[in-house]
Amino acid sequence: MVSRVIPVDPFDLVVFGATGDLSRRKIFPGLYRRFIAGQVPESSRIIGSARTEMNDEEFRAFVSSAIEEFVGPKQRDAESIARFSSHLFYVSVDAKGESGWKALAGMVRANTVQAFYFSVAPSLFGDLAERLHHHGIASASSRIVVEKPFGRDLASAKELNRTLALHFHESQIYRIDHYLGKETVQNLMAVRFANILFEPLWNARHVDHVQITVAETVGVGGRGAYYDRSGAMRDMVQNHLMQLLCLIAMEAPYRFDPDAVRDEKLKVIHALEPVEPDDIVRGQYRAGNGKDGGKSYVEDVENPASRTESFVALRVGIANWRWKGTPFYLRTGKKLRGRASEIAVVFKEVPHSIFGEEEAWRENVLSIRLQPNEGMTLSVMIKEPGPGGMRLKEVPLDMSFAEALGDSGAEIPDAYERLIMDVIRGNQTLFMRGDEVEAAWAWTDPIIADWEARDERPKPYDPTSSGPEDALMLLHRDGRRWREIRE
Ligand code: BG6
């Protein structure tokens, strides 16, 4: 099976922060992959921009080395890289000053799809937006792409929204949450809304609880300064886990259309119950044999007094007719035993077991693996073969997307590729709307304010564990168990 490539119109894409880490790791390698898939039309231009002085040739060499490093050998060859390079240009600009803007204005064409990717610190968003306007570069149809973190609380998110709104309409603003670009995350919507099978069971009457786990083996490494000001709650829960929760819990949008989808997600966020302090466990990794060096969290961030969490687990309730009474357990952390992200929908027991109490019975679980080995498993009970009565056995109906989809499944595109192309196409479905981000912060803020007021140390946990013991208790006390974190 060959994957379908939808053509796009020629575009001018300006990447501010072109020399930064995200550009090197994700944006340019992603654009290259789209190029070899035939989605960068002939006259399109990718214009790198940063403060560093560089000419086009130096920039092309910079991007080529990023491709060498981050694109698999099967997808790269010198000839394709050279052809891709002919789309690359560079203009040095000063976000806070006037230098370079005239040159940029001379490069970006009117009457072409224009997108400006702000891969820079949020403190520069306002400056870039203002100068794009002042120099007549952006028009009413230009799009801007902004990266997380979108604020660090409700007040700062509102301020960012206000700043961007001075120059751009909401329909021009693409706020990235790269989890929405992951194929399996989009598959959540396909599974829920393109099959009749699950919907009748998708509610508090039939679902006992839901577990959302995003476990990482890496520590905070070189990002200590940023991370120590954020912690797992701001870095992962307010955005990525929140998005997963919304897609699992939302009502069917009337259409797969940007505002219809985002309206439904927003309703879920509004319905989230406040989280009681007893329903949260925060952790911090100790020193030990982690995959990412042996240092403890406080050594990694070089802040011996740090009370920032590198792990958080919480029990979340949704106060609406569909979900009242079904807890959603969320957990995420660094330096855990495996890199595994999974959503598990755990169904209730059968109302009466006709096979008697002694027959081991396990609940049905629909598990959606986001990474690695993207796929879906439904555990079902069957009869164990052989004579000797009716013995029950739990077996998985297992589907690996890569196997099920053949060749096209083997090439699951990176989240950024998909999202950048959506910007070029002008499709905002997989981007967060301003009100959605603010609602997510409005729910997160009191949780963080409460623990800051109590000033408690996060619970220590060992690298390669499943997080602190107390996180296990969060489920044990409800008579439930976390699913194993398995790579
Ligand atoms: C980022 C966080 O948004 O997501 C990182 O800032 C985290 O701390 C990363 O490691 C996880 O993304 P992925 O795609 O590797 O699951």
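Ligands are counted one by one from 1 in listed order, and the atoms in each one are counted from 1 as well.
When heavy-atom distances to ligand 1 are checked against a 4.0 Å cut-off, R339 comes that close only through its side chain, counted from C-beta outward.
Classified by interplanar angle (parallel below 30°, tilted 30° to 60°, perpendicular above 60°), the ring pair F62/F59 is parallel.
Inspection of the D422 and N427 side chains reveals no N or O donor paired with an N or O acceptor under 3.5 Å. When only modelled atom types and interatomic distance are considered, T464 and R337 share no side-chain donor-acceptor pair under 3.5 Å. For the residue pair S65/E68, the side-chain donor-acceptor check at 3.5 Å is not satisfied.
Checked against the 6.0 Å centroid threshold, W441 and F150 do not count as a close aromatic pair. The ring of Y416 has its center closer than 6.0 angstrom to the ring center of H178.
A ring-ring contact (aromatic ring centres under 6.0 Å, His included) with F311 is found for exactly one of Y297, Y461, Y285, namely Y461.
Among all protein heavy atoms, the one lying closest to atom 6 (O) of ligand 1 is D235 OD1, 2.6 Å. The single protein non-hydrogen atom nearest to atom 16 (O) of ligand 1 is Y179 OH, 2.4 Å, given as residue, atom name and distance. The shortest contact between atom 14 (O) of ligand 1 and any protein heavy atom is with K182 NZ, 2.6 Å. For atom 10 (O) of ligand 1, the nearest non-hydrogen atom of the protein is E216 OE2, 2.5 Å.
Near H178, meaning under 4.0 Å from any of its heavy atoms, are these atoms of ligand 1: 1 (C), 3 (O), 4 (O), 12 (O), 13 (P), 14 (O). Of all atoms in ligand 1, numbered sequentially from 1 with element shown, those under 4.0 Å from a heavy atom of K148 are 1 (C), 2 (C), 3 (O), 6 (O). Close approach of ligand 1 to K334 is summarised as follows: ligand atoms under 4.0 Å from at least one heavy atom of the residue are 5 (C), 7 (C), 8 (O), 10 (O). Near H240, with a cut-off below 4.0 Å to any heavy atom, the atoms of ligand 1 are 1 (C), 3 (O), 4 (O). Each of the atoms 13 (P), 16 (O) of ligand 1 lies under 4.0 Å from some heavy atom of Q371.
Of the N or O atoms in Y227, none lie within a sub-3.5 Å distance of an N or O in ligand 1. Between Y226 and ligand 1, no pair of N/O atoms sits closer than 3.5 Å.
Other residues, nucleotides and ligands place no more than 12 heavy atoms under 6.0 Å from the CD atom of E302.
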